[in-house]
Amino acid sequence: MAIERYNPRRTEARWQRVWDEREVFKAIDEDPRPKYYVLEMFPYPSGKIHIGHGRNYVMGDVVARYKRAKGFNVLHPMGWDAFGLPAENAAIERGIHPKGWTYDNIAAMREQLKLLGLSLDWSRELATCDPAYYSRQQKLFVKMFEAGLVERRTSLVNWDPVDNTVLANEQVVDGRGWRSGAVVEKRELAQWFFKITDFADDLLDAIGTLDQWPDKVRLMQRNWIGRSEGLKFSFDLVDGEGVQMEENLTVFTTRHDTIFGASFCAVSPDHPLAKDLGARNEEIAQFRRDCAALGTSEEAIERAEKRGVATGLYAVHPFTGARLPVYVANFVLMGYGEGAIFGCPAHDQRDLDFARKYGLPVLPVVAPKDEPDLEVGDEAFTDTEGDAVRLVNSEFLDGLSVPDAKEEIARRMEASGRAERKVNYRLRDWGISRQRYWGCPIPMVHCDHCGIVPVPEDQLPILLPDDATFDRPGNPLDHHPTWKDVSCPKCGGAARRETDTMDTFVDSSWYFARFASPAADDVVDSALMDAWLPVDQYIGGVEHAVLHLLYSRFFTRAMGRVGFGAIREPFKGLFTQGMITHETYRDPDGRWLFPEDVERQADGSVIVKATGLPAKVGAPEKMSKSKRNVVSPETILETFGVDAARWFMLSDTPPERDSEWTESGVEGAWRFTQRVWRLVGQVIELVPEKIAQPAEFGDEALALRRVAHKTIAAVSEDIEQLRFNRAIARVHEAVNAWGDQVAKLHGAPGPDMAYALREMAETVVRVSAPMVPHLAEEAWEALGGEGLLALAPWPQAEAALLVEDEIVLPVQVNGKRRDELRVAADADQETVEKAALELDAVKRALGDRPVRKIIVVPGRIVNVVG
RNA sequence: GCGGACGUGGCGGAACAGGUAGACGCAAGGGACUUAAAAUCCCUCGGGGACUCCCCGUGCGGGUUCGAUUCCCGCCGUCCGCACCA
C-alpha cells in the first residue's frame, strides 16, 4: 500500500456517516450490559460555538468511547438549555422572534457539534424551550406545589433594572446582575419560591456521600448551605422612661455563651421594629432609606462601615436586668436569623467596630486560661477552642468552657420559656419568578374568589403565545392583550394567568433525568430514570459548582417526593474542566482583533495584517466574543481535522486547569496524526497480513511488545482517572518506541518482529481511539481489523509483559545518585549490595570512608551510606 | 476578613504510596536529505565548572529521614470561592 497523507476531511466525514447510519451510539433501554451515563452540561444555544466550547464535550466523549469499549451500555445524550434572556434581547434589538432565533441557533450549533465527531445518542435530543419539555416541567411544578414544595410569598428581591427582572441571590455577583452587570436594587414583590431549605440538612449531609466530586465543589456547597446551630431568644423591651413595652425583641445567636458581654442590641433596617419606628421618627426613616439605596452593591460591601441609629428603646438583659440600647444598624441582615442581634463587642469584630464608633462598653467574657484579665483593643477575641479558654465576668458561667457555657445558657433560657435551640442556614429558598417572556410559564391562575389555583393536569401545557411583542420594557406576557385572561379552573369565573415565567435554572435542574426517557408522556418514566441514573460522570464548568448543581440535587429529592424516581443523588461523579484560553490582540488604537487578523513575525513580535503596525498582545484569557480571542472550529477542522483538535485539547494541560490554545500546539497534534498514519502504512507494507503469534521472541521484539502492553495498562488507568494529558503522553512514548524500531529495521522483519510491529500498530490505534476516533477507525480498517473499532472491545494488557525480568536500579551514595545497576528483577539483597559496592562511581564517591550501611529498596533504589 | 488550592526548565507540564527531578509536548539551536522549500529523520536543550567527571537546582528559611518536589513548622507569592450569615 502506498503511503498517502492522511486526509482528515474525507476520513472524518466518512466515519461520521457510518457511525450515524449504523446507530453505533444509541443507548439501549433494558440491556443486559451494565449501564454508564456520561453527560456534559448542556449548552445554551447562543449561536456559533468557538473551539473553546468543545473541550468538555470532547472529554465526555473520550469517557463515553472508552466505557463503551469496556463493555458498558453507554448513555451519552445532548440537549439545549434553550430558554433565557439573550433570545429576548435579540427580539428587542433586532426584531427577531425568540423562538426563531433559538431554533436557528440550535440548528447551527448542532451542525458544529456534529463536526466534533462526538459519540452522542442524538435520538434523545431535547430543548427546554420545546413544549414537549416544558409541559412536563409544568406538570412537575404543579405536583411540587401540591406537595407543599412551592410557595408564593412577598419578599425583598434582587431587582435587575436593566433586565427588568428578579434575580436569585446566587445570580447576584458582587452586587450586580450576573448577566446584565447592572447594580441590583432591592424591591418587595410577591414571588414564587421553591422550598429548597426544606432539604437543607439532607443536601448538606449527603455531600459526604459524593466521594467522586472535587473537594473544592463539596466545600463550596457546604459553605453555601452554611448551617449553624444556635439559640433564638427574646429580650423584654422598655422605652426611654423605663416603661415595659408590649413587644419584645427576638434575636438569633450562636454565641449565647457571651450573653454577659452584651452591650447593645441591633435590628436590621428592614426589621418590622425599624419600619414601625421609622414611621414616627424621621432620623430612623432617613437611615432606612440610605441603607436601601446602598443596596447590595460592591461599593457598599467594600466600604463596610458599621453605622447605626439609636432607637431610644432598651432591651433588658435576661440575667442582669441591665438595659442595653437598641439600634437600627446597617450590618444586620433581615434575611438571616431573626434580623436582630445582641452585640458582644469583645468577641465579635463587627460588634466591636460598632461599639468603638458609638462608645459602647467592651467587656471580655471569654479569655485564655493563662490570661484571665484579657484586654480587647481593636481586635475581637474569637477563640473558642475547648480547653484553652474559659468564661470570665459571667456570674454562674465563670470558669466554664465555651461549649459548656452555651449548654448552660441554653438550658436555663429554655427552662424559662424565652428561648429555643435553632438551626439556621445561609441558604435561602429559591425564588424562581422572572418577569420575562422566553421561559417556562408558571402554571397558576389568580382568581378573585378562589385565590391562587394551580392549572389542572388536563389543562396543561400552558403554552407561550407566539404573538407576543417586545417593543416596550417589562414582561411581554403581561402586555399581551388576551393571553392572561382565563376562567378559574375551580369556580369558572374570570381570572388571570400568572404571567411570571420560571428561572431558567429550573429547566436545567432535571434535564438529565428526562434524557433517560425523552419520549415519556409523564414527567419521566420512573423505572427508566432509576435504571439510568445517577449520571456516572458529569462534566462541566466550575462556575456551576453551587447554583446548577445544588438546584439539581434539590430537584432530584423533590422529584422523589412527588413520585418520580427513587435515586438520592443525580450526579455520582463530577468533573469540573478548565476553560480554553487564547492570547488577546489589539491594534494600536486599542480595538480588539481576531487571531486571524494578526501575524507573528520570525522575531516573535506580532503585527496587524492589514496595516503592518505592531499589535498589542495580551495574556491568555477565556475565549470570548467580546475580546475576539476566539478560534472557529471550521477553520481548524478544515486545516488539521477534528482529531488533531481533539488531541490538542486533551494534551499537555491537566483537564481541570485552563488550557491555552496555540497554533503551534494544534500543529504538533496534527503532526502526531500524520505520524501515526505513516507508521501504520509502513507496518502494512512490511507486514501485509495478520500473522500468528510466534513461540519465541527476540530481545527487540519482546521489548516492543512490552511497551505496547504497558501502554495499554497506563492509558486505561489514565482515562479511568480522567488524566487525559498523561494518557496522551503515554501514547506518544509508545509511538516514539514504535517509530524508532521501524527506523532501525533493515530488510524484512522476522516473524517475531513482524508480529510485534502489527501488535504495536493495533495497540496505538486502539488506545488512542477515544481521543482520535476517526483516524483510529480509518487505521483499524487499513490494518484489517474486524468490524467497526467504535464497537470493538478495549485491548487487554498481558500481565506477563508488564513485568521486566531485568531492571535498572539507581545507586546512591549518601543520598546522591552516582550510577545505576542492571540486575535481575528478583536479585536478592546480598547480590545487589555486592554489585553496588563494585561500581567505580561508588568507590570514587566513598573515597576512604568505610561503608556504614547499605539500604536496598527492592525494585527501587540502592543507597550506600558512608 | 474567613475558607480553600497551588508555586518544578524559555513555555504547558510529568514524577505510584518518601526512592534516578524535568517523562511527554511546544518553542529554540545545530545537522542530514533536497536545485530549493515543505515534510521527514538525527543531535543538543535547568544553571555553572577544571565538561568521560564534579558542584548547584522543584518560591524562601528551618526540621524529620539513609534519602524530601513529596512529610512537618515558619515566611513570601499567585489563583479561586464566600464576603457584614450574628
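As the structure is a computational prediction, the values presented were derived from the model and not from experiment. Every chain is numbered from 1, with letters handed out A, B, ... down the list of sequences.
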Whether A:F264 and A:Y327 hold their rings parallel, tilted or perpendicular, with breakpoints at 30° and 60° | perpendicular

So A:H548 and A:H544, would you call those rings parallel, tilted or perpendicular, with 30° and 60° as cut-offs?
-> perpendicular

Strictly distance-based, threshold 3.5 Å: is any side-chain N or O of [X] a donor or acceptor partner for the main-chain N or O of [Y]?
| X | Y | value |
| --- | --- | --- |
| A:R227 | A:Y425 | no |
| A:R553 | A:L203 | yes |
| A:Q221 | A:A545 | yes |
| A:D429 | A:T197 | yes |

Side-chain donor-acceptor pairs under 3.5 Å in residues 249-259 of chain A, sequence neighbours left out?
residue : atom : partner : partner atom : Å
A:T253  : OG1  : A:R255  : N            : 2.8
A:R255  : NE   : A:D257  : OD1          : 3.1
A:R255  : NE   : A:D257  : OD2          : 3.4
A:R255  : NH2  : A:D257  : OD2          : 3.0
A:T258  : OG1  : A:R255  : O            : 2.7

A:M59 vs A:L722, side chain to side chain contact (heavy atoms under 4.5 Å, CB included): CA-CA, chis, key distance, verdict | CA-CA 8 Å; A:M59 288 178 187; A:L722 311 180; over 6 Å; no

Answer yes or no: does a side-chain N or O of A:R222 lie under 4.0 Å from OP1 or OP2 of B:C82?
-> no

Expressed as a whole number of Å, how far does the [atom1] atom of [N] sit from that of [M]?
| N | M | atom1 | value |
| --- | --- | --- | --- |
| B:G22 | B:G46 | P | 10 Å |
| B:U69 | B:G9 | P | 14 Å |
| B:U58 | B:U70 | C1' | 10 Å |
| B:G18 | B:C72 | P | 11 Å |
| B:C54 | B:A68 | C1' | 23 Å |
| B:C53 | B:A17 | P | 33 Å |
| B:C33 | B:U52 | P | 29 Å |
| B:C43 | B:G25 | P | 13 Å |

Taking N and O atoms by type only, does the side chain of A:K216 place a donor or acceptor under 3.5 Å from a partner on the base of B:C80?
-> no

Looking only at N and O atoms, is any donor in the side chain of A:R428 or the base of B:C85 less than 3.5 Å from an acceptor on the other one?
-> yes

Distances for protein N or O near nucleotides 64-69 of chain B N or O, under 3.5 Å:
residue : atom : partner : partner atom : Å
B:C66   : O2'  : A:N863  : ND2          : 3.3
B:C66   : O2   : A:N863  : ND2          : 2.4

Salt-bridge criterion met for [X] and [Y] (N-O under 4.0 Å):
| X | Y | result |
| --- | --- | --- |
| A:E804 | A:R706 | yes |
| A:R350 | A:D353 | no |
| A:R723 | A:E720 | no |

Could you walk me through whether A:K422 and A:L231 pass side chain to side chain contact (heavy atoms under 4.5 Å, CB included), step by step?
-> CA-CA 5 Å; A:K422 177 134 195 257; A:L231 195 68; over 6 Å; no

In terms of side-chain heavy atoms of [X], which of [options] is nearest?
| X | options | result |
| --- | --- | --- |
| A:S664 | B:C24, B:A27, B:A86 | B:A27 |
| A:A729 | B:U20, B:C24, B:A86 | B:C24 |
| A:V808 | B:U20, B:U40, B:C24 | B:U20 |
| A:S228 | B:G25, B:A21, B:A86 | B:A86 |

When we call it a touch if two heavy atoms are under 4.0 Å apart, what does [X] touch: a base, just sugar-phosphate, or nothing?
| X | answer |
| --- | --- |
| A:R675 | sugar-phosphate |
| A:D718 | nothing |
| A:G226 | nothing |
| A:E820 | base |
| A:R671 | sugar-phosphate |
| A:V332 | base |
| A:L333 | base |

Does A:E806 CD have over 12 foreign heavy atoms under 6.0 Å away?
-> yes

Contacts of A:K357 meeting salt bridge (charged side-chain N to carboxylate O under 4.0 Å, His left out) (sequence neighbours excluded), chain-then-number -> A:E305

Tell me whether B:G9 sits syn or anti, counting syn as a glycosidic angle within 90° of 0.
-> syn

Pick one for B:C79: is it syn, with its angle within 90° of 0, or anti?
-> anti

Output for pair (A:R55 CZ, A:F648 CZ), nearest 0.5 Å, gives 9.5 Å

For A:W661 and B:C26, give me the distance from atom CH2 to atom C1', rounded to whole Å.
-> 14 Å

Could you run through nucleotides 6-14 of chain B and give me one letter per nucleotide, 5' to 3': B if any protein heavy atom sits under 4.0 Å from the base, S if only the sugar-phosphate is that close, - if neither?
-> ------BSS

Report yes if the side chains of A:R675 and A:V735 come closer than 4.5 Å at any heavy-atom pair, otherwise no.
-> yes

Donor-acceptor contacts, no H, no angles, side chain residues 331-347 of chain A, under 3.5 Å, sequence neighbours left out:
residue : atom : partner : partner atom : Å
A:Y336  : OH   : A:S228  : OG           : 2.7
A:H347  : ND1  : A:F381  : O            : 2.8
A:H347  : NE2  : A:V365  : N            : 2.9
A:H347  : NE2  : A:V366  : N            : 3.1

Between A:N814 and A:R852: side-chain donor-acceptor atoms closer than 3.5 Å | no

Check nucleotides 48-58 of chain B against the protein and report each pair of N or O atoms closer than 3.5 Å, with its distance, or say if there are none.
residue : atom : partner : partner atom : Å
B:C55   : OP1  : A:R818  : NH2          : 3.3
B:C55   : OP2  : A:R818  : NH1          : 3.2
B:C56   : OP2  : A:K816  : NZ           : 3.1

Across all chains, not counting sequence neighbours, the side-chain contact (heavy atoms from CB on, under 4.5 Å) partners of A:K853 are A:I855, A:V865

Can you name the residues that form a side-chain contact (heavy atoms from CB on, under 4.5 Å) with A:N223, not counting sequence neighbours?
-> A:L219

Which pairs, with at least one residue in residues 657-668 of chain A and sequence neighbours excluded, count as a side-chain hydrogen bond (donor to acceptor under 3.5 Å, both in side chains)?
-> none

Within residues 343-352 of chain A, residues whose heavy atoms come under 4.0 Å of RNA chain B = A:R350

For RNA chain B, what residues of residues 254-261 of chain A have any heavy atom nearer than 4.0 Å?
-> A:T254, A:R255

RNA chain B: A:F342 or A:N736, which has the more 5' nearest nucleotide?
-> A:N736

Would you write the dot-bracket representation of RNA chain B, where each base gets (, ), [, ], | or . depending on whether it forms a Watson-Crick or G-U pair under 3.5 Å and with which partner?
-> (((((((..(((......[....))).(((((.......))))).((((...))))..(((((..]....))))))))))))....

